[in-house]
Amino acid sequence: MTGQHRIVVLGAGYAGLAAARRLAGTARDAQITVVDARATFVERVRLHQQAAGQRISAWDLRELLECKKIRFVHACATELDTAGRRVLFDAEPALDYDILVYALGSIADPESVPGVAEHAYSVATPEDTRRIALSRGPVAVVGAGSTGIELAAELGESYPDLPVLLLGSEEPGAWLSPRARAHIRRTLERLGVRIRSDAKVIEVTADGVRLADGSLVEAAATVWTTGFRVPELAARSGLAVDAEGRVRTDGTLRSVSHPEIYAAGDAAVVAGPGGRELRMACATALPTGKYAADAAVARLRGVEPRPLRFRYLVQCLSLGRRDALLQFLHADDSPRRTVLTGRTAAWVKEGIVRGAAHAARP
Ligand SMILES: Cc1cc2nc3c(=O)[nH]c(=O)nc-3n(C[C@H](O)[C@H](O)[C@H](O)COP(=O)(O)OP(=O)(O)OC[C@H]3O[C@@H](n4cnc5c(N)ncnc54)[C@H](O)[C@@H]3O)c2cc1C
């Protein structure tokens with residue numbers, strides 16, 4: 001029985017939309033509302049492409065949702081009144097819920113080191129990416145994780161005359177297999193990206209970045225790609241959260257402090273295979289969003305859901321538009337020896353990104 005129940009999904013990113021899409025199919029008699037501070041769904045996994053001057057698609061959320069009979073509230077949630085089961089806004093009437101799916105995603109952390117907020121750009125959100133202004137001078141991409149690698153490759157390919165420097169304290173893709181790391185390095189170098197793997201950045205200045213050894217690396221623009229954090233709403237509203245402010249959940253993605261709240265995507269702590277927490281990724285946001293919806297509906301029908309079962313399969317990194325890396329994974333996210341590279345990998349990665357947007361859109 002889901003009739004008359006008010007289910008509110010907070011956040012219309014990959015996790016929130018996957019939840020809403022699922023609810024539209026399984027809880028047809030419930031009142032489903034999705035809330036987002038943005039009017040459009042933007043493919044976040046393509047923001048490095050936008051930073052490199054490419055146009056990326058955006059879909060009108062109201063149109064997407066209302067054709068599935070899901071109400072859309074375009075507003076920024078400021079607090080949860082968990083005792084009254086209401087979402088509060090600054091300029092909108094409060095929204096009552098019986099079940100809440102919390103999927104507010106993640107944002108850049110401007111406090112990672114001094115100077116990030118004042119002097120660095122980010123690609124964490126569409127608003128951050130639109131602010132990026134590149135001149136002819138060198139660009140320092142800080143962080144040799146997947147976002148930094150994808151951005152450096154995209155900039156190198158789109159602007160062959162622009163000096164791009166990828167700075168990290170480890171080798172790019174250090175967590176991947178030796179073959180994957182070698183391919184990333186080879187491709188970045190082919191695209192003209194200079195790599196420094198001994199560079200622990202301790203400050204961003206107007207002229208570049210300062211390293212732990214005291215030296216200054218000059219850059220006309222710095223893009224900070226490391227250190228994401230989550231919105232403070234859950235912590236501020238008294239939900240049980242971890243040190244980063246992510247909602248603590250049980251094996252069914254239910255908040256450990258508030259059983260009427262489920263959490264999914266980047267904003268949730270979710271136990272994964274081998275006892276490791278799921279990493280922040282579109283690849284985890286989609287299945288956790290979908291699962292949270294299923295678990296909530298099962299309970300409304302009086303059925304105890306089975307715990308989430310998740311296993312990793314592959315991690316995909318784009319390396320410009322003509323190359324990519326597919327790293328096959330063990331269930332617990334550790335790398336297998338097998339990788340796929342080159343144009344075929346680029347084609348598969350493009351298909352996965354399109355598929356992810358399709359899976360999210362109701
Ligand atoms: C450049 C880049 C490339 C990436 N590439 C990959 C990749 O190749 N593969 C991969 O698996 N992952 C990738 N990721 C990570 C992936 O994008 C995220 O893990 C994923 O978007 C998380 O989904 P989510 O639904 O949890 O959150 P989000 O997609 O961040 O959505 C959260 C939503 O909540 C809304 N919101 C936030 N606060 C409020 C509020 N107070 N009130 C109302 N609405 C609010 C936001 O507007 C947003 O729409 C990449 C990330 C970046 C930045």
Side-chain angles (χ1 to χ4, degrees), residues 8-20 33-52 56 58-59 61 72-80 87-90 92 95 101-108 122-129 132 141 143 145-154 223-234 236-237 246-247 263-268 270 278-290 292 312-319 324-327 333 349-350 352-353 355-357 359-360:
V8 172
V9 178
L10 258 194
Y14 290 98
L17 286 183
T33 306
V34 172
V35 176
D36 203 286
R38 292 195 190 100
T40 53
F41 169 69
V42 178
E43 288 175 282
R44 198 174 166 206
V45 299
R46 289 194 196 271
L47 289 180
H48 56 293
Q49 294 176 237
Q50 190 177 49
I56 61 171
W59 288 271
L61 280 167
F72 176 57
V73 174
H74 176 202
C76 182
T78 50
E79 202 166 337
L80 302 178
V87 182
L88 307 182
F89 306 94
D90 273 344
E92 284 276 326
L95 191 58
V101 179
Y102 186 98
L104 291 187
S106 60
I107 47 181
S122 156
V123 289
T125 66
E127 294 76 22
D128 294 341
T129 310
I132 297 181
V141 175
S146 31
T147 310
I149 293 168
E150 289 194 320
L151 175 64
E154 211 70 48
V223 191
W224 193 262
T225 70
T226 178
F228 289 93
R229 68 178 170 86
V230 299
E232 288 164 4
L233 187 75
R236 207 168 51 228
S237 306
R246 296 177 303 160
V247 177
D266 286 2
V270 179
L278 296 191
R279 68 178 141 83
M280 288 183 177
C282 172
T284 53
L286 284 169
T288 55
K290 191 171 137 198
Y312 289 95
L313 287 173
V314 68
Q315 183 172 13
C316 313
L317 269 69
S318 66
L319 299 168
L325 168 81
L326 264 66
Q327 168 70 70
D333 206 21
K349 161 83 181 174
E350 177 59 27
I352 289 175
V353 169

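Nothing here was measured: the structure is a model prediction, and the numbers come from that model. All ligand and atom numbering here is 1-based and tracks the order in the structure.
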query = Is the closest N or O pair between Cys76 and ligand 1 shorter than 3.5 Å?
reply = no

note = To the nearest 0.5 Å, atom OG1 of Thr129 lies from atom CD of Gln49 at 11.0 Å

ask   = For ligand 1, is there an atom lying under 4.0 Å from some heavy atom of Ala75?
value = yes

Closest contact, heavy atoms only, Ala234 versus Val247 = CB-CG2, 3.6 Å

query = Going by the atom numbers of ligand 1, which of them fall below 4.0 Å from some non-hydrogen atom of Arg38?
reply = 46 (C), 47 (O), 48 (C), 49 (O)

key: Shortest protein heavy-atom distance from atom 8 (O) of ligand 1, along with the residue and atom involved   = Lys349 NZ, 2.6 Å

query = Among Leu278, Ile352, Thr284, Leu104, which residue places a heavy atom closest to atom 39 (C) of ligand 1?
reply = Leu104

remark   = Quick look: Thr147 vs ligand 1, heavy-atom contacts under 4.0 Å, and the answer is side chain

Approximate separation, where rounding is to 0.5 Å, of Thr225 OG1 and Leu151 CG = 7.0 Å

request  = State plainly whether the residues Glu154 and Arg46 are in salt-bridge range, i.e. N to O under 4.0 Å.
outcome  = no

request  = With side-chain contact (heavy atoms from CB on, under 4.5 Å) as the test, would you mind laying out the steps for Val8 and Val101 before giving the verdict?
outcome  = CA-CA 6 Å; Val8 172; Val101 179; over 6 Å; no

query = Starting from atom 16 (C) of ligand 1, which protein heavy atom do you reach first, and at what distance in Å?
reply = Cys282 N, 3.6 Å

request  = Distance to 0.1 Å, residue and atom name: give those for the protein heavy atom nearest to atom 6 (C) of ligand 1.
outcome  = Val45 CG1, 3.4 Å

message = Please classify the Glu150 to ligand 1 contact at 4.0 Å (heavy-atom distances, strictly less than): side chain, backbone, both or neither.
response = side chain

note = Here the atoms of ligand 1 under 4.0 Å from any heavy atom belonging to Met280 are 19 (O)

note = Nearest non-hydrogen protein atom to atom 33 (C) of ligand 1, with distance, is Asp36 OD2, 3.5 Å

request  = Please report the closest heavy-atom contact between Phe41 and Gly13, naming both atoms and the distance.
outcome  = CE1-C, 4.1 Å

Leu151, Asp128, Val353, Asp266: member with heavy atom nearest to atom 26 (O) of ligand 1 = Asp266

Approximate separation, where rounding is to 0.5 Å, of Leu325 CG and Gln315 CD = 8.0 Å

note = Here the gap from Glu92 atom CD to Thr78 atom OG1, rounded to the nearest 0.5 Å, amounts to 11.0 Å

task = Give me the one residue out of Arg229, Arg279, Arg246, Arg44 that meets salt bridge (charged side-chain N to carboxylate O under 4.0 Å, His left out) with Asp266.
result = Arg44

Atom 53 (C) of ligand 1 [closest protein heavy-atom partner, distance rounded to 0.1 Å] = Val123 O, 3.3 Å

note = All heavy atoms of Tyr312 vs all of Leu278, minimum pair found to be OH-CA, 3.4 Å

ask   = Which ligand 1 atoms are under 4.0 Å away from a heavy-atom of Gly265?
value = 26 (O)

inquiry  = Please work out, at 4.0 Å between heavy atoms, whether the side chain, the backbone, both, or neither of Ser146 comes within that distance of ligand 1.
reply    = neither

task = Look only at interatomic distance and state if Val35 has a nitrogen or oxygen under 3.5 Å from any nitrogen or oxygen of ligand 1.
result = no

remark   = Here the gap from Leu233 atom CG to Cys76 atom SG, rounded to the nearest 0.5 Å, amounts to 8.0 Å

Residue and atom name of the nearest protein heavy atom (relative to atom 23 (O) of ligand 1), distance in Å to one decimal = Ala285 CB, 3.5 Å

ask   = Between Ala281 and ligand 1, does any nitrogen or oxygen pair lie at a separation below 3.5 Å?
value = yes

ask   = Considering distance alone, does some N or O of Ala37 sit under 3.5 Å from an N or O of ligand 1?
value = yes

inquiry  = Return the closest protein heavy atom for atom 51 (C) of ligand 1 as residue, atom name and distance.
reply    = Arg44 O, 4.2 Å

task = Can you see which heavy atom on Ala20 is nearest to which on Val34, and at what distance?
result = CB-CG2, 3.6 Å

remark   = For atom 42 (N) of ligand 1, the closest protein heavy atom turns out to be Ala77 N, 2.9 Å

query = Mind checking whether Ala283 has an N or O less than 3.5 Å away from an N or O of ligand 1?
reply = yes

inquiry  = For Ala37, is there any backbone N or O sitting under 3.5 Å from a side-chain donor or acceptor partner on His74?
reply    = yes

ask   = When rounded to the nearest 0.5 angstrom, what distance separates OG in Ser237 from CG in Leu88?
value = 8.0 Å

Which of the ligand 1 atoms, numbered from 1, are nearer than 4.0 Å to a heavy atom of Gly13 = 25 (O), 29 (O), 31 (O), 33 (C), 49 (O)

query = Closer than 4.0 angstrom: is that true for some heavy atom of Ala103 and an atom of ligand 1?
reply = yes

